[in-house]
Engineer: 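Below: one structure in structure tokens.
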Amino acid sequence: MGIPFPSLEFFKALQQRTKDEAAAFEKLGYCDTTFGIRVGSELYRVVFEIYECVEVGEGGDPSELDFVLSAPLDLWREMLEAIQANGGADAAHTINTLTHVGDVMKVEYEDPEGHDRLYRFMATIQAFLDEASGLDLEFA
Amino acid sequence: MSYYGSTEYLANDDFVLRMKDIRKGNLDLGWLDAGTEQIEVNAASEKRGLTYLDLNKGSYGYDELPEIPRGPRGSAPRGAAYEVANQADLGPELNLKSDVWAYKVASFYEEAVSRQWDATTDVPWQDLARYETPEEVEIAFAQLCTFFTEVEMIATDLPAKWCWRMNNQFHEVKGFIASQAIDEARHAEVFRKRALAGGVGLMRALPQAEHSLKAILDSDTYSEASAFMHLLAEGNILTMFRFSEFISPTPVDKRMFQLVMQDEARHVSYGMQHLKWILDNTPERKEQLHAALDEAENFSLNQFDSALFEAMIVLAGKGTSPAQIKKGIEIVGTLQIKQIEEYFQRLRRAGFEDRIERSKFRDLLAMISLSNQEPTLPS
């Protein structure tokens, strides 16, 4: 039985990976941000402090998040399948590539400083999502 | 040498006698009672370690540092005992807190130190040969890397130029811009390595870029230089790094741009918070910053007619056929809109909203018929 996506269980599994792979995340440096991942209409909250993901949750007020990565389920699925096939995002499915022009995956934010945190911590956020390569997933 | 001591020590009887006295064990020990403050310092987080934020207490802290710190003008560290009359005056030119300070600057410094990376080993150079790239695309990429190398060399010089001019009371800012200098040196390194590793080598140095960079270096004040470099130029470069990651021909290049964009975004955040600090604390400087940005924007416009601009079109269209160039022009158009929109957002966040009405970029958008386009990919 795989981990369902989207689900809180999926984000908890990624959170655990930041602890299991502590050395890799520590090498990337401090990462202090609270951001959202919206899959269709479902919002998940991800909290990073220092080197690791310290909290994940469902729902919340998007205006309290630094930024929200928002895309339909099909796109998240495509991205995660690429991560699983390549052991990490391939050239077409990095977070920056998907969000850059804004019509594939959207970056929602109210505060441009919150928005800039996506880029200040890009390598950590990409590494966090790339950890899905080691998970057995089941898509909704 | 240009600074000579006032005393020839070995010919000075007082000095020689005192030196001999000390060697006989007749110590003064007056220094044991410096009269400085003793505070309890603990790391707020053991995992994070002891940061500058943890030292922000009493006479050692920065919160209570006034706009005009009447302290030493030499290298006495903030909180140390000092004798103004006897200490060297290093002649710092930036002596007002608002000359240099930014909200969160201590956090930016700690983040910078923690997120350093290595251009030699953190980019998987060995994988570059695994990917086939069309020749004209690789040449265009080398042109882009040449431009970035030029930019980053001056971005290294700029913080170094101003760092020693800052009063040492502002050591958090000095530390941050010193970290910026090494970030930018590493960027110049990584783009040089990429241009050469791809087999094309460096391409043309761009006069348009160099005049703009000279204007940054020659800014009359640090705050003008910061508004030009951190906010406008690095904001533009951050968007270009994102664009470059987006159109990168290989995963190796994507990794390189993910790493450089982190540093650039941190510099932009500092610039925005410095501008906000100035406007909150010394709003009378607003017109000076307007005037500086009038000319900064003028120089920035010059980038829209250069080999760089054409190289970006070739990269975005992935070739030089008419259809590819057409597609490239559309994609680069969206990049230009994004650069300007994000610049305007940062101005608003810093409390400099009235800059937008005066910005030359509004006229640019109207002139090249981009003002009604949304930043989305062409179909």
Side-chain angles (χ1 to χ4, degrees), chain A residues 18-19 22-33 48-52 54 66-67 82-83 85-130, chain B residues 45 47-49 51 103-104 107-108 110-117 122 131 235 238-239 241-255 257-259 261-269 272-273 276 331 334-335 338 342 344-350 374-379:
Chain A
T18 68
K19 299 177 198 300
F25 281 87
E26 285 182 21
K27 183 176 186 315
L28 293 170
Y30 293 165
C31 176
D32 296 286
T33 178
F48 261 85
E49 270 181 25
I50 313 179
Y51 302 116
E52 68 182 47
V54 295
D66 289 329
F67 57 87
I83 285 172
N86 297 288
D90 63 350
H93 294 93
T94 64
I95 287 298
N96 181 72
T97 296
L98 294 171
T99 58
H100 179 59
V101 186
D103 68 339
V104 182
M105 179 182 287
K106 292 190 185 310
V107 187
E108 300 163 357
Y109 60 95
E110 294 193 0
D111 180 352
E113 196 196 342
H115 182 214
D116 283 342
R117 280 174 188 255
L118 170 59
Y119 312 118
R120 275 161 58 189
F121 305 125
M122 178 59 81
T124 302
I125 293 164
Q126 186 65 61
F128 175 67
L129 292 168
D130 283 352
Chain B
S45 159
K47 192 164 195 171
R48 194 185 295 275
T51 68
Y103 295 103
K104 306 178 188 177
S107 298
F108 290 138
E110 297 289 351
E111 182 182 312
V113 171
S114 177
R115 292 191 77 84
Q116 292 296 300
W117 52 278
D122 287 338
Y131 302 97
L238 173 59
T239 313
F241 283 169
R242 294 199 58 216
F243 165 83
S244 302
E245 200 264 11
F246 171 70
I247 49 87
S248 278
T250 74
V252 179
D253 301 315
K254 288 195 176 267
R255 180 63 177 166
F257 282 111
Q258 284 167 10
L259 292 169
M261 81 170 66
Q262 298 189 132
D263 300 333
E264 212 72 2
R266 187 167 58 245
H267 307 158
V268 172
S269 291
M272 187 165 69
Q273 295 295 348
K276 183 167 169 48
I331 294 175
T334 65
L335 163 79
K338 193 179 273 282
E342 290 180 353
F344 286 173
Q345 285 172 3
R346 292 185 186 109
L347 288 170
R348 277 192 204 99
R349 177 68 171 77
E374 291 298 317
T376 52
L377 265 179
S379 56

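Throughout, protein chains are lettered first and strands after them, A, B, ... in sequence-line order, and every chain is numbered starting at 1.
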Engineer: Of the non-hydrogen atoms in Ala91(A) and Pro251(B), which two are nearest, and what is the gap between them?
Structural biologist: CB-CG, 4.5 Å
Engineer: Count the heavy-atom pairs under 4.5 Å between each of Phe241(B), Phe243(B), Trp117(B) and chain A, then report the option with the highest count.
Structural biologist: Phe243(B)
Engineer: Ignoring hydrogens, what is the shortest heavy-atom contact between Arg255(B) and Ala123(A)? Give both atom names and the distance.
Structural biologist: NH1-CB, 4.0 Å
Engineer: Hey, are the side chains of Glu245(B) and Met122(A) touching, using non-hydrogen atoms and a 4.5 Å cut-off?
Structural biologist: no
Engineer: Once rounded to the nearest 0.5 Å, what's the spacing between atom NE2 of His115(A) and atom CZ of Arg346(B)?
Structural biologist: 8.0 Å
Engineer: Specify the closest pair of heavy atoms between Thr239(B) and His100(A), including all atoms of both residues, with the distance to one decimal.
Structural biologist: O-CE1, 3.9 Å
Engineer: Which heavy atom of Tyr119(A) sits nearest to which heavy atom of Leu238(B), and what is that distance?
Structural biologist: CB-CD1, 4.1 Å
Engineer: To the nearest 0.5 angstrom, please state how far the NZ atom of Lys254(B) sits from the CG atom of Asp90(A).
Structural biologist: 8.5 Å
Engineer: Could you check which of Met261(B), Glu111(B), Arg48(B) has the highest count of heavy-atom pairs closer than 4.5 Å to chain A?
Structural biologist: Arg48(B)
Engineer: State, to 0.1 Å, how close Lys27(A) and Asp122(B) come at their nearest heavy-atom pair, and which atoms those are.
Structural biologist: NZ-OD1, 2.9 Å
Engineer: What part of Ser244(B) gets closer than 4.5 Å to chain A, counting heavy atoms only: side chain, backbone, both or neither?
Structural biologist: neither
Engineer: Report the residue from Lys104(B), Gln345(B), Lys276(B) that forms a side chain to side chain contact (heavy atoms under 4.5 Å, CB included) with Glu113(A).
Structural biologist: Lys104(B)
Engineer: Where on Phe108(B) is there a heavy atom nearer than 4.5 Å to chain A: the side chain, the backbone, both, or neither?
Structural biologist: side chain
Engineer: Go through Lys47(B), Met272(B), Glu264(B), Gln258(B) and name the one with the most non-hydrogen pairs under 4.5 angstrom from chain A.
Structural biologist: Lys47(B)
Engineer: Rounded at 0.5 Å granularity, tell me how far CD in Glu110(A) sits from CZ in Arg349(B).
Structural biologist: 12.0 Å
Engineer: Just verifying a value: how many Å separate Thr97(A) OG1 and Arg242(B) CZ, rounded to the nearest 0.5 Å?
Structural biologist: 9.0 Å
Engineer: Could you tell me if the side chain of Cys31(A) sits less than 4.5 Å from the side chain of Arg115(B), heavy atoms only?
Structural biologist: yes
Engineer: Taking the side chain as every heavy atom from C-beta outward, state whether Glu342(B) and Asp116(A) have any pair of such atoms under 4.5 Å apart.
Structural biologist: no
Engineer: Does any part of the side chain of Tyr30(A), heavy atoms only, come nearer than 4.5 Å to the side chain of Ser107(B), both counted from C-beta?
Structural biologist: no
